[in-house]
Structure formats: structure tokens, C-alpha cells
Amino acid sequence: MRLALEEARRAEDVTDVPVGAVVIGPDGEVLGRGHNRREAAADPTAHAEILALRAAAARLGRWRLDGCTLVVTLEPCTMCAGAVVLARLDRLVYGATDPKAGAVGSLWDVVRDRRLNHRPEVIGGVLAEECAALLRGFFQRRRDGSSGD
């Protein structure tokens with residue numbers, strides 16, 4: 001989670017919502033990293049999770065990421081939760097919950113939906129307070145008008 005937090009801080013550096021993600025292989029090697037780049041790339045799909053999954057798939061040369069773990073600082077949204085299922089990840093680890101858009105138990109539970117063909121193990125709340133504090137600080141600065149936008 002510390003690596004994902006480092007990625008999240010990179011998003012904040014470019015005035016994007018500070019969410020970071022890493023994909024860890026079965027042997028513990030970091031296969032992909034990502035941080036939110038929606039603003040920088042003008043791309044609505046440039047979420048940290050999607051970018052980390054793309055990097056890991058490119059590195060492995062395959063779209064199936066079985067044996068891998070996605071670690072992300074914020075509970076994934078529906079798009080990213082769907083990508084976790086479709087990538088066949090073994091495990092999802094996340095930090096802070098997202099009561100407004102979370103799709104791993106907060107609003108929906110996409111990754112554990114029995115109608116889907118894959119259900120990864122889910123571990124939530126890892127360094128949750130630190131992950132949440134990063135987000136709270138970012139949004140407080142935006143409300144205060146000190147984000148640089």
C-alpha cells in the first residue's frame with residue numbers, strides 16, 4: 001500500500017485526485033503502477049487502477065492477470081471493479097472506502113457478484129486512514145482555492 005500511496009501523491013502533483021495503484025505479481029514483483037491521470041490526459045478512463053492493469057498486462061504480454069494482486073488507495077468505482085473481474089486478478093487490496101462511488105461494497109459489490117464468472121479475494125481498509133487523509137487534504141485545498149486550478 002505504501003507504493004500505491006507514492007503513486008497517489010504523483011496524481012496530486014498534477015492536480016488530479018490522488019489515487020494510486022500497483023499490480024503485484026505472484027512473486028512479489030511490481031508489474032504495473034498507475035495514478036489518476038484523468039485531468040492530465042483528458043481521458044475519463046485514466047483511473048489509477050486501469051493504468052496499473054494496462055501496464056501489468058503489457059509487461060506480462062497477456063490480459064489475464066491471474067496470480068496477481070491489485071493494491072489501490074481507494075475502493076474502486078464500477079469501471080475499475082469491472083476491470084478487476086475481467087482481468088482475472090486473484091486479489092484486490094484497497095485502502096479507503098468510497099461511500100459516493102465505491103463498487104466493492106459501499107454502493108455496489110461488483111467484484112463479489114455471484115452472477116459474474118470470477119470473484120477475487122478482497123482485503124479492504126489497509127492503511128485506510130492514511131489513504132483517506134490524502135484525499136481529504138486534496139479536496140480541502142480545492143475547496144479553499146489553493147489547488148492551482
Side-chain angles (χ1 to χ4, degrees), residues 1-25 28-60 63 65 68-113 115-116 118-149:
M1 186 60 75
R2 296 263 178 234
L3 293 174
L5 280 162
E6 286 176 22
E7 283 297 319
R9 289 183 188 96
R10 289 188 178 125
E12 192 174 30
D13 290 345
V14 294
T15 66
D16 225 316
V17 178
V19 176
V22 293
V23 175
I24 309 295
E29 180 183 7
V30 175
L31 300 174
R33 297 171 180 257
H35 57 272
N36 274 0
R37 294 192 41 81
R38 292 180 308 167
E39 299 297 333
D43 179 353
T45 68
H47 289 207
E49 301 96 321
I50 300 298
L51 298 176
L53 291 172
R54 286 178 183 160
R59 176 120 180 238
L60 292 174
W63 64 268
L65 299 178
C68 297
T69 299
L70 175 68
V71 180
V72 61
T73 57
L74 181 64
E75 177 185 358
C77 69
T78 53
M79 175 181 69
C80 295
V84 166
V85 171
L86 294 173
R88 310 296 197 272
L89 287 159
D90 280 10
R91 189 172 303 99
L92 167 65
V93 177
Y94 70 89
T97 58
D98 186 351
K100 293 183 179 180
V104 185
S106 289
L107 288 181
W108 301 280
D109 201 348
V110 172
V111 298
R112 289 179 281 232
D113 190 316
R115 294 168 293 183
L116 299 175
H118 181 75
R119 287 179 294 286
E121 175 187 4
V122 176
I123 302 167
V126 176
L127 297 180
E129 183 49 41
E130 191 170 341
C131 294
L134 188 62
L135 289 158
R136 280 193 306 269
F138 173 81
F139 287 113
Q140 184 60 53
R141 286 188 296 282
R142 294 210 53 177
R143 283 190 295 276
D144 293 345
S146 60
S147 71
D149 287 343

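Quantities reported herein were computed from a predicted structural model and do not represent experimental measurements.
Under a 3.5 Å cut-off, the side chain of R54 and the backbone N or O of G34 do not form any donor-acceptor pair. N36 places a side-chain N or O within donor-acceptor distance of the main-chain N or O of A48, the cut-off being under 3.5 Å. Panel note: side chain D16, backbone R38; a donor-acceptor pair is recorded below 3.5 Å.
Shown are L89, L65, I24; of these, the side chain to side chain contact (heavy atoms under 4.5 Å, CB included) with L70 is made only by L89. Partner L134 forms a side chain to side chain contact (heavy atoms under 4.5 Å, CB included) with one of V19, L5, V17, L74 and no other, that one being L5.
Note that the CD1 atom of I50 and the CG atom of D43 stand 10.0 Å from one another [nearest 0.5 Å]. Atoms CG and OG1, from L135 and T73 in turn, are 6.0 Å apart once rounded to the nearest 0.5 Å. One distance of note links CD of E75 with OG of S106; it measures 3.5 Å at 0.5 Å rounding.
Between V110 and L116, some side-chain heavy-atom pair lies under the 4.5 Å cut-off. A heavy-atom distance below 4.5 Å is found between the side chains of V104 and V122. Here the side chains of E6 and V22 are not in contact, with every heavy-atom distance at 4.5 Å or above.
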Should M79 and T45 be marked as a side chain to side chain contact (heavy atoms under 4.5 Å, CB included) after you check the CA-CA gap, both sets of side-chain angles, and the distance that decides it?
CA-CA 8 Å; M79 175 181 69; T45 68; 4.0 Å; yes
L60 and C68: CA distance, side-chain angles, deciding distance, side chain to side chain contact (heavy atoms under 4.5 Å, CB included) verdict:
CA-CA 11 Å; L60 292 174; C68 297; 4.2 Å; yes
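Nearest heavy atoms, L86 versus R88: O-NH1, 2.9 Å. Closest approach of V84 and P120 over heavy atoms only: CG1-CG, 3.8 Å. A8 approaches H35 most closely through the heavy-atom pair N-CB, 4.5 Å. Heavy-atom minimum distance, G95 versus C131: CA-SG, 3.9 Å. What you find for W108 and A101 is that their closest heavy atoms are CZ3-O, 4.1 Å. Residues A11 and P18 come closest through the heavy atom pair CB-CA, 3.9 Å.
By the side chain to side chain donor-acceptor pair (under 3.5 Å) test, R119 is found to be paired with no residue, residues two or more places apart in sequence or in another chain being considered.
Residues in residues 91-111 take part in these salt bridge (Lys or Arg N to Asp or Glu O under 4.0 Å) pairs, two or more places apart or across chains: R91-E121, D109-R112.
Side-chain contact check for E39 and T15: no donor-acceptor pair (N or O, by modelled atom type) lies under 3.5 Å.
Under a 4.0 Å N-O distance rule, the pair E7/R10 qualifies as a salt bridge.
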